[in-house]
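To start, the structure under review is shown below, and the notes come after it.
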Amino acid sequence: MTRFNVFSTTPGMPPESELTENDARTTKGSIYRFNPAIEAAVDVAIGLGKPLLVAGEPGCGKTELGYAIARRMRIRNLYFFAVKSSSEATDLFYTYDAIRRFREAQLAEIRARAASASGGTFSEPEVGDFIKYRALGRAILDAHPHEKVAALLRGRGAPKQPGEPRRSVVVIDEIDKAPRDFTNDLLREIEDFSFRVPELQNEAGLPDATPSGDTIPGALKPIIVITSNEESQLPDAFLRRCVFLAIDFPDDKVLQDILEMHLGNKSKGAGTSLSGDDRAILLRVFGRLRAQSMQKNPGIAELVDAGRVLAARPNGKPAEEWLPQLAPALVKLKSDLEAFKAVLSERATSRPR
């Protein structure tokens, strides 16, 4: 029977957990605050085997969620894909460098003649030499036994397969940036957890597609987290294939906890720390800024950056006198600088003299 509590019943974040992003070590997701609504959405997505579509304003922690899920689930491999306006659906699975293959074909003729003249041998490059698997393609390959996908792993650029099938997390970031065809062309693949590499179909009798996703055990199916800033409407057919989660911007209590985790006196590895009084001052400024209807409201990342700037002020310097130095961390548009100055002016006139 399908379980819909796999995630919420998993113990909290392990104190030490290794995580790689596209094969490189990362510290992302090590500090993340889950709430019951987020846990419930992750449970449903894992239980149904569907992507989790996460919406919310920039800076509310959508992208970080995928990394935090991987850490909590003790999944050591995450594949990240940043969507661009020029992205095509196949880019999520693999890329094929046709131009480099054409150049290599021209050079191959010269090298073959040279090898023949010298009595040596020459091996022509394979199609697989020009194929690079990416994000969801890597995650699907990782979920299968090597012998089931070996035909797709030919060539110098083939990724090294794990000894045993393993589960991965895939983060598809800012899908609303993609052209409409991107999501429409993904409908079968995200439902079936399989894909084809048609460039390999001319190889002698070898398969050019991964096995059906039905052969992947539920415990090994990739966990897909898709983020959206909702700058454009996604197709209904795509939405039906996803589980939806809207992340609200955290309230002051949660923001206080986030600052404590990043900059508290006991924060592990924190080069600087921020006192409780300083955090309260920063949060009041931050809250007033967000109430100003700025064109680009500061988010969590800006708050933490501002906290680091405030914590690094010269010894003996009052926090209030250092607030103007926070502008580069909190304000990202020239048009919003006046709002920042207005908030500081408001604080200056309201403080007792």
Tell me whether K28 is salt-bridged to E64, with the criterion being a basic N under 4.0 Å from an acidic carboxylate O. no
Pair R138 + D23: basic N to acidic O under 4.0 Å: yes
Indicate the atoms forming the closest heavy-atom contact of [X] with [Y], along with that distance.
X    : Y    : value
I226 : P51  : CD1-CB, 3.7 Å
A319 : D278 : CB-OD1, 3.5 Å
I31  : M261 : CG2-CB, 3.3 Å
L53  : C242 : CB-CB, 4.0 Å
A143 : P165 : O-CB, 3.4 Å
V309 : W322 : O-NE1, 3.2 Å

Is there side-chain contact between [X] and [Y], with at least one heavy-atom pair below 4.5 Å?
X    : Y    : answer
L326 : L282 : yes
L274 : L310 : yes
V44  : K50  : no
Y67  : V225 : no
F340 : Q292 : no
R313 : Q325 : no
E189 : L136 : no
P217 : L220 : yes

Hey, what do you get for [atom1] ([X]) to [atom2] ([Y]), rounding to the nearest 0.5 Å?
X    : Y    : atom1 : atom2 : result
S87  : D181 : OG    : CG    : 12.5 Å
I172 : T63  : CD1   : OG1   : 12.0 Å
F195 : F93  : CZ    : CZ    : 7.0 Å
S168 : K221 : OG    : NZ    : 14.5 Å
K148 : L153 : NZ    : CG    : 14.5 Å
Q161 : H146 : CD    : NE2   : 6.0 Å

Sorted by chain and residue number, the ring pair (Phe, Tyr, Trp, His ring centres under 6.0 Å) partners of F182 (sequence neighbours excluded) come out as none
N77 and side chain to side chain contact (heavy atoms under 4.5 Å, CB included): which partner among R166, E18, R167? R166
Evaluate side chain to side chain contact (heavy atoms under 4.5 Å, CB included) for V171 paired with L78, printing each intermediate quantity in order. CA-CA 7 Å; V171 175; L78 180 143; 3.8 Å; yes
Enumerate the side-chain hydrogen bond (donor to acceptor under 3.5 Å, both in side chains) contacts for residues 205-215, please, sequence neighbours excluded, ordered by first and then second residue. R196-D208
Evaluate whether atom CD of E164 has more than 12 neighbouring non-hydrogen atoms of other residues, nucleotides or ligands under 6.0 angstrom away. no
Over 12 non-hydrogen atoms of neighbours within 6.0 angstrom of CD1 in I99: no
Side chain to side chain contact (heavy atoms under 4.5 Å, CB included) for L344 and K341? Distances and angles first, verdict last. CA-CA 5 Å; L344 295 194; K341 293 175 183 177; 5.9 Å; no
Can you give me every donor-acceptor pair (side chain of residues 229-238, partner residue at least two apart or in another chain, under 3.5 Å) with its distance?
unit_1	atom_1	unit_2	atom_2	d
N229	OD1	K62	NZ	2.9
N229	ND2	E174	OE2	3.2
S232	OG	D176	O	2.9

Test of ring centre spacing under 6.0 Å for F130 and Y96: no
Output, in order, the C-alpha distance, side-chain angles, deciding distance and verdict of side chain to side chain contact (heavy atoms under 4.5 Å, CB included) for Y133 and T95. CA-CA 7 Å; Y133 291 105; T95 54; over 6 Å; no
Who pairs with E39 by side chain to side chain contact (heavy atoms under 4.5 Å, CB included), at least two apart in sequence or on another chain? F7, S8, F34, R72
Exam field: side chain [X] to backbone [Y], donor-acceptor pair closer than 3.5 Å:
X    : Y    : answer
D173 : F81  : no
D91  : E88  : yes
D43  : V6   : yes
T20  : R76  : yes
R154 : A151 : yes

Residues L186, L92; criterion side chain to side chain contact (heavy atoms under 4.5 Å, CB included); working and verdict: CA-CA 9 Å; L186 281 177; L92 186 55; 3.8 Å; yes
When you compare the side chains of E21 and Y79, does any donor N or O come within less than 3.5 Å of an acceptor on the partner? no
For the residue pair R188 and S194, confirm or rule out a side-chain donor-acceptor distance under 3.5 Å. yes
Which donor-acceptor pairs under 3.5 Å do the side chains of residues 243-259 make with protein atoms, sequence neighbours left out?
unit_1	atom_1	unit_2	atom_2	d
D251	OD1	K253	N	3.2
D251	OD1	V254	N	2.9
K253	NZ	D257	OD1	3.2
K253	NZ	D257	OD2	3.0
Q256	OE1	R279	NE	3.0
D257	OD2	R33	NH1	2.5

Please list every donor-acceptor pair under 3.5 Å in which a side-chain atom of residues 293-303 meets a protein atom from a residue at least two apart or in another chain.
unit_1	atom_1	unit_2	atom_2	d
Q295	OE1	S335	OG	2.3
E302	OE1	G299	N	2.7
E302	OE2	K332	NZ	3.1

